[in-house]
Amino acid sequence: MTNKRRMLAGAVAFAAALGTQLAGAPGAGAAEAVTLHYDSSGAPDYLAQIDQAAANWNAAVQNVKLERGGSATIIFHETHDGRGSHTNTDGHGHGDIYLDSKQVDEGNDVTRIAAHEVGHNLGLPDHYEGPCSELMSGHGPGTSCKNAKPDAQESAKVDENFANGLAAVVEQARRAVA
Ligand SMILES: [Zn+2]
C-alpha cells in the first residue's frame with residue numbers, strides 16, 4: 001500500500017515534470033489552464049455578447065480560459081458587408097474573428113455566432129449538419145437556434161486540444177502541416 005502510494009506519487013511528479021517540459025515554460029504544467037486573451041474593442045456593438053460567449057466556453061472547459069484584455073491573440077472585428085461572420089485562425093488560440101452585423105440583422109444570434117467562431121480558434125471544425133445543441137453546427141439549424149454553449153463532445157475535444165498547454169498544441173499543429 002505504502003509502496004504503491006509512493007510509486008503513484010513518483011509517477012504523478014514525473015507526469016507533472018513532463019507537462020512542464022511540453023509546455024516549454026516553468027509553472028505551465030498540464031494541470032494549469034492556458035489563458036487566451038481576446039480583444040473585443042473592434043466590435044463595439046457586441047461587447048456583452050462576446051463576453052457571454054467567452055463565459056460559456058469558460059464554464060464548459062478546464063484546460064483553456066478566455067480573458068478579455070491583456071496581450072490579445074484573438075481579435076474581434078465588426079463588419080457590415082454581408083459576407084457572413086467568419087474567422088481566420090490557426091486553430092490554436094490565435095485569430096481574427098469577423099462578426100457580420102447584416103447576418104445578425106437577419107436574425108442570427110450574435111452570442112452563438114461569437115461562441116462558434118471562438119470554437120474555430122480553439123481547434124474545432126464546422127459541422128453544419130449537427131443539431132442546435134452543437135455550437136459548430138453554426139447556421140445549419142437555422143435562425144431559431146439560439147444555443148451559444150458547446151455540447152459535451154465539443155468541450156471534450158477542446159480540453160483534449162489544450163491538454164498539454166499551448167506549446168503542445170502549437171507543436172501538434174506544426175507536425176500536422178509538416
Ligand atoms: Zn464556422
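Whatever order the structure lists ligands and atoms in, that order sets their numbers, starting from 1. Values below: every heavy atom of this structure, side chains too, minus hydrogens, waters and symmetry copies.
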Practice problem: Return yes when at least one N/O/S atom of Asp126 is nearer than 2.8 Å to the Zn ion (ligand 1), and no when none is. | Solution: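 Short answer: yes, at least one N, O or S atom is under the cut-off.
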Self-check item: N, O or S of His86 under 2.8 Å from the Zn ion (ligand 1)
Solution: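 Within the cut-off used here (under 2.8 Å), His86 places no N, O or S atom near the Zn ion (ligand 1).
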Exercise. Using distance alone, with no hydrogens and no angle criterion, decide if Thr87 and Asn121 have a side-chain donor and acceptor under 3.5 Å apart.
Key: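 Checked: Thr87/Asn121 side chains pair up, N/O donor to acceptor below 3.5 Å.
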Quiz prompt | ILVMFWY cluster, Phe162 and Val61 together (side-chain gap under 4.5 Å) | solution =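 Yes, it is one cluster - the side chains of Phe162 and Val61 are joined through contacts under 4.5 Å.
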Self-check item: Test: Glu160 and Lys157 ion pair at under 4.0 Å
Solution: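 Yes.
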Quiz item: With the threshold set at 4.0 Å, does a side-chain nitrogen-carboxylate oxygen contact exist between Asp81 and Lys102?
Solution: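 Salt bridge: no.
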Exercise. Of all N, O or S atoms in His120, identify the one at the shortest distance from the Zn ion (ligand 1).
Key: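 Output for this pair reads NE2.
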